[in-house]
Engineer: 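The structure's right below; bear with me while I get my questions together.
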Amino acid sequence: MKFIIDDANLEKIKAIYSTFAVDGVTTNPSILAKNGKQPFETLREIRAFIGPEAELHVQVIASDAEGMLEDAHRIQKELGMNTYVKVPTTKEGLKAMKALKAEGANVTATAIYTQMQAFLAAKAGADYAAPYVNRIDNLGANGVKTAKDIHDIFKKNGLKTEVLAASFKNSQQVLELCEHGVGAATISPDVIEGLIVNDSVAMAVEAFVKDFEGLCGKGKTMKDCL
Ligand code: G3P
């Protein structure tokens with residue numbers, strides 16, 4: 001499962017990159033708005049930091065297929081042809097996905113709430129389909145199950161599209177999809193940080209240090225001992 005950061009704040013992206021093995025960055029219009037700067041200013045900084053090969057996913061804004069293509073071309077011009085163009089999975093979006101794939105673009109079908117949307121996006125040739133796990137949960141449905149179902153539909157139908165699960169609120173949602181082997185998960189920095197927080201681990205490590213200091217002295221580590 002690829003491990004992607006769902007944020008546009010460069011300091012937060014740098015902090016996550018410094019610790020975790022990360023495959024790239026996803027953004028959406030709301031995430032860009034939260035960052036405050038003009039969109040391409042933010043996105044160019046992110047591209048420069050993550051490098052030309054890392055995955056960067058950027059969403060179109062226009063609601064008609066023609067406008068989506070124009071947005072896509074600007075995104076590719078500014079950020080590289082390998083940038084994943086995120087297209088909402090509406091009727092116009094499906095039309096745009098088909099046209100973009102005919103041009104050889106990388107396409108991420110987004111705003112996916114149902115298995116059928118994901119199937120149609122895959123038929124249109126999308127590289128990734130992004131179900132919104134937590135937002136689906138908030139509708140009283142099961143976001144993790146929806147993402148797993150989509151993964152299974154792709155595999156059973158021989159479709160090359162991979163799940164790029166998005167909208168996580170907790171570690172359990174991430175773990176369940178990791179166990180199921182979905183293609184990728186994009187996760188906010190806060191939730192990523194939470195994946196490694198565990199009081200039992202911290203206590204175990206603390207006890208090891210205390211025992212060792214009993215042997216060699218306070219503040220001593222392996223490099224200081226006989
Ligand atoms: O791009 C979709 C995803 O980032 C949505 O996440 O946390 O706003 O539901 P969230």
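For clarity, every value in this text was computed on a predicted model and none was experimentally measured. One-based numbering, in listed order, for ligands and for the atoms of each. Side chains included, hydrogens not; waters and symmetry mates left out as well; all remaining heavy atoms used.
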Engineer: Could you tell me whether a side-chain N or O of Q117 sits under 3.5 Å from a main-chain N or O of A111, the two making a donor and an acceptor?
Structural biologist: yes
Engineer: Quick test of your reading: applying salt bridge (charged side-chain N to carboxylate O under 4.0 Å, His left out), list the pairs with at least one residue in residues 174-201, sequence neighbours left out, ordered by first then second residue.
Structural biologist: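 Residue pairs passing salt bridge (charged side-chain N to carboxylate O under 4.0 Å, His left out), neighbours aside: K148-E176.
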Engineer: Tell me whether the guanidinium CZ or amine NZ of K220 lies under 6.0 angstrom from the six-membered ring centre of F212 and within 45° of its axis.
Structural biologist: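 No cation-pi geometry.
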Engineer: Return a table of N or O atom pairs, ligand 1 on one side and protein on the other, at distances under 3.5 Å, rounded to 0.1 Å.
Structural biologist:
unit_1   : atom_1 : unit_2 : atom_2 : d
ligand 1 : 1 (O)  : N28    : ND2    : 3.0
ligand 1 : 1 (O)  : K86    : NZ     : 3.2
ligand 1 : 4 (O)  : D6     : OD2    : 2.4
ligand 1 : 4 (O)  : N28    : ND2    : 3.3
ligand 1 : 8 (O)  : R135   : NH2    : 2.7
ligand 1 : 9 (O)  : R135   : NE     : 2.7
ligand 1 : 9 (O)  : S167   : OG     : 2.8

Engineer: If you look only at pairs with a residue in residues 114-139, which of them pass as a ring-ring contact (aromatic ring centres under 6.0 Å, His included), with sequence neighbours excluded?
Structural biologist: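 Every ring-ring contact (aromatic ring centres under 6.0 Å, His included) pair that includes a residue of residues 114-139, provided the two are not neighbours, is H57-Y128, Y84-Y128, Y113-Y132.
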Engineer: Does any donor atom in the side chain of E103 or H73 lie under 3.5 Å from an acceptor atom in the other side chain?
Structural biologist: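 Per modelled atom types, E103 and H73 side chains form a pair under 3.5 Å.
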Engineer: Among residues at least two apart in sequence or on other chains, which ones pass salt bridge (charged side-chain N to carboxylate O under 4.0 Å, His left out) with K101?
Structural biologist: D127
